[in-house]
2 protein chains.
Amino acid sequence: MRPKTRPLRSTRPSFIEAARRQQIVETAIATIAARGLEGASLADIAQDAGISKGVISYHFAGRAALIQAILDEILAQSHTYIMDRVARRRRAADKLAEYIRASFDFIGTHRPNFVTWLNLWGSLRSPEQRTRYNARLYEPCRMAIATILSAGQRNKEFKPFPARELSVVIQGAIDGIMLQWILDPAGIDLRAASRRLRALFDWQTRAA
Amino acid sequence: MRPKTRPLRSTRPSFIEAARRQQIVETAIATIAARGLEGASLADIAQDAGISKGVISYHFAGRAALIQAILDEILAQSHTYIMDRVARRRRAADKLAEYIRASFDFIGTHRPNFVTWLNLWGSLRSPEQRTRYNARLYEPCRMAIATILSAGQRNKEFKPFPARELSVVIQGAIDGIMLQWILDPAGIDLRAASRRLRALFDWQTRAA
DNA sequence: TCAAAATGTGACCATGCGGCCAAAAACCAG
DNA sequence: CTGGTTTTTGGCCGCATGGTCACATTTTGA
């Protein structure tokens with residue numbers, strides 16, 4: 001019998017454990033995207049996954065832990081995909097353009113993830129009012145952009161500008177457009193937005 | 001005794017009714033901002049407002065109706081404030097800059113509103129899966145910007161560009177930066193972002 | 001001034017939720 | 001095969017929630 005408080009991961013998670021966790025997280029993303037956060041009880045998620053409710057309790061410490069796992073999963077998937085594509089480019093200007101293009105590509109092909117992502121923003125500071133955790137979520141994205149920008153400035157590809165400040169604006173523009181698209185898919189042309197953003201920030205960064 | 005189903009607003013709402021509704025909505029905004037959506041029960045809100053729980057049920061058809069009222073209130077406040085300031089400017093370029101500046105000013109001075117706003121995004125389609133309502137929420141903002149842009153193009157202040165497309169980008173940038181600031185206030189410099197956005201879109205729109 | 005309407009109260013209720021557990025089932029090493 | 005371990009099941013429980021109601025209080029208007 002697994003003790004109630006997990007023994008600090010004494011052994012590696014079994015194959016079944018990893019698979020089940022993954023399955024539950026993915027089902028939960030779909031369920032939340034479809035019915036909203038409040039409409040997605042553990043029972044609902046279990047039913048969608050075709051398992052008993054107890055299984056979720058067995059693999060996750062509680063609802064909060066499941067939500068945390070969902071957040072991590074969504075963020076990791078997106079980050080991995082984007083950075084993979086960025087890494088294939090050499091020049092800073094290409095990296096920046098690819099960052100934007102990959103972001104929109106991923107958003108466009110993973111709508112449920114971002115619908116759920118949106119539903120979960122409100123739950124971010126639930127556990128202990130830890131507003132601070134949220135910073136941890138966003139900082140890597142801004143950091144990635146800022147790194148590209150700084151590198152471009154170092155090798156004179158880019159002109160001088162405050163990299164950190166601009167990275168906030170770039171990430172903001174991407175997320176803000178995503179938000180509009182989540183709330184009103186028919187009203188937003190993701191492809192056009194992606195194109196314009198690339199042109200806009202290319203113009204804004206490239207040396208004369 | 002008021003009938004359960006409201007008689008289609010046969011008479012104008014009384015003074016007390018209007019005041020109470022306003023009080024409840026404002027208290028609810030604060031409560032949700034402080035404790036999160038799931039942590040803000042009707043009982044909590046009532047307590048914060050110093051009234052009995054039944055009063056909320058008396059003035060609102062249910063929790064969903066209250067949330068809807070909150071959304072309308074937040075949106076109306078913001079929209080009114082911004083458009084008031086925009087209206088004071090004559091030239092299109094000034095209107096655009098003022099739109100951006102006013103947006104950030106309002107965001108910066110009404111944090112609780114936007115924390116709650118963020119918490120409520122997930123509840124937008126709760127009632128009937130009406131994803132469509134969301135469009136109604138965002139469209140006015142984009143419309144306002146597009147109107148400014150079009151006017152500027154007509155009188156040659158602005159160069160030619162797809163106004164609708166750019167308005168999506170402008171509103172997106174504002175909201176995306178707001179989002180980062182909500183999640184991580186210490187990590188974002190609103191003033192700098194406002195300045196950069198104004199410069200960026202001035203550059204992007206103004207005729208040569 | 002006073003009855004009727006509007007508003008507020010606090011207790012009450014049904015419901016659904018997250019969490020728990022004892023027993024069954026599946027899995028696996030020896 | 002077998003005994004121990006992991007995983008799953010399905011039902012149960014306590015609790016908090018949104019909503020309702022009979023009654024108290026205040027406001028209104030003639």
Side-chain angles (χ1 to χ4, degrees), chain A residues 1-7 9-25 27-28 31-32 35-70 119-120 122-123 126-127, chain B residues 1-7 9-25 27-28 31-32 35-70 119-120 122-123 126-127:
Chain A
M1 175 76 74
R2 181 197 296 270
K4 292 187 184 177
T5 302
R6 210 169 275 215
R9 189 53 82 203
S10 53
T11 69
R12 282 238 317 287
S14 72
F15 175 77
I16 289 183
E17 164 114 18
R20 266 272 185 267
R21 282 181 62 102
Q22 184 70 18
Q23 179 209 17
I24 292 171
V25 166
T27 306
T31 303
I32 293 174
R35 310 193 212 182
L37 183 59
E38 314 211 35
S41 66
L42 294 189
D44 292 325
I45 296 169
Q47 187 171 26
D48 286 1
I51 58 179
S52 166
K53 197 175 48 146
V55 184
I56 299 180
S57 297
Y58 180 74
H59 290 284
F60 294 91
R63 184 182 167 83
L66 173 58
I67 288 180
Q68 190 55 242
I70 294 173
N119 277 270
L120 261 37
S123 310
S126 292
Chain B
M1 179 73 71
R2 178 197 299 269
K4 291 188 185 178
T5 301
R6 210 168 277 214
R9 187 57 80 201
S10 53
T11 68
R12 283 239 316 289
S14 72
F15 176 77
I16 288 183
E17 165 114 16
R20 265 275 185 265
R21 282 182 62 101
Q22 184 70 17
Q23 178 209 15
I24 292 172
V25 166
T27 306
T31 303
I32 294 174
R35 310 192 212 183
L37 182 59
E38 313 211 37
S41 67
L42 293 188
D44 292 327
I45 296 170
Q47 187 171 27
D48 285 3
I51 58 179
S52 166
K53 196 175 50 145
V55 184
I56 299 180
S57 296
Y58 181 74
H59 290 284
F60 295 91
R63 183 183 167 82
L66 172 58
I67 288 178
Q68 190 55 245
I70 294 173
N119 277 270
L120 261 39
S123 309
S126 291

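Numbers restart at 1 for each chain; the letters A, B, ... are given by sequence-line order, proteins then strands.
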Starting at [atom1] of [X] and ending at [atom2] of [N], how long is that distance when rounded to a whole Å?
X: B:Arg21; N: C:dT7; atom1: CZ; atom2: C1'; result: 15 Å
X: A:Phe60; N: D:dT7; atom1: CZ; atom2: C1'; result: 14 Å
X: B:Ile24; N: C:dT9; atom1: CD1; atom2: P; result: 10 Å
X: B:Tyr58; N: D:dC23; atom1: OH; atom2: P; result: 18 Å
X: A:Ile51; N: D:dT9; atom1: CD1; atom2: P; result: 7 Å
X: B:Ile45; N: D:dG19; atom1: CD1; atom2: C1'; result: 14 Å
X: B:His59; N: D:dG18; atom1: NE2; atom2: C1'; result: 17 Å

Do any side-chain nitrogens or oxygens of A:Arg20 fall under 4.0 Å of OP1 or OP2 in D:dT6?
->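 The answer is no; no side-chain N or O of A:Arg20 sits under 4.0 Å from OP1 or OP2.
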So, using side chain to side chain donor-acceptor pair (under 3.5 Å) as the criterion, who are the partners of [X] when residues are at least two apart?
X: A:Ser41; result: A:Asp44
X: B:Gln47; result: none
X: A:Thr31; result: A:Asp48

What distance do A:Arg20 atom CZ and A:His59 atom NE2 have between them, rounded to the nearest 0.5 Å?
->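 Between A:Arg20 CZ and A:His59 NE2, I get 6.0 Å after rounding to 0.5 Å.
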Say you draw a straight line from CG of B:Leu42 to OG of B:Ser52; how long is it, rounded to the nearest 0.5 Å?
->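 So the gap between those two atoms works out to 11.0 Å.
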List the protein contact pattern of nucleotides 13-19 of chain C with one symbol per nucleotide (5' to 3'): B for base contact, S for sugar-phosphate-only contact, - for none; contact means a heavy-atom distance under 4.0 Å.
-> ----SBB
Are the side chains of A:Ile51 and A:Ile24 in touch, meaning some heavy atoms are under 4.5 Å apart?
->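 Answer yes - side chains close enough.
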Distance-only donor-acceptor test, B:Ser52 side-chain atoms vs C:dG8 base atoms, 3.5 Å =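 Such a pair does not exist between side chain and base.
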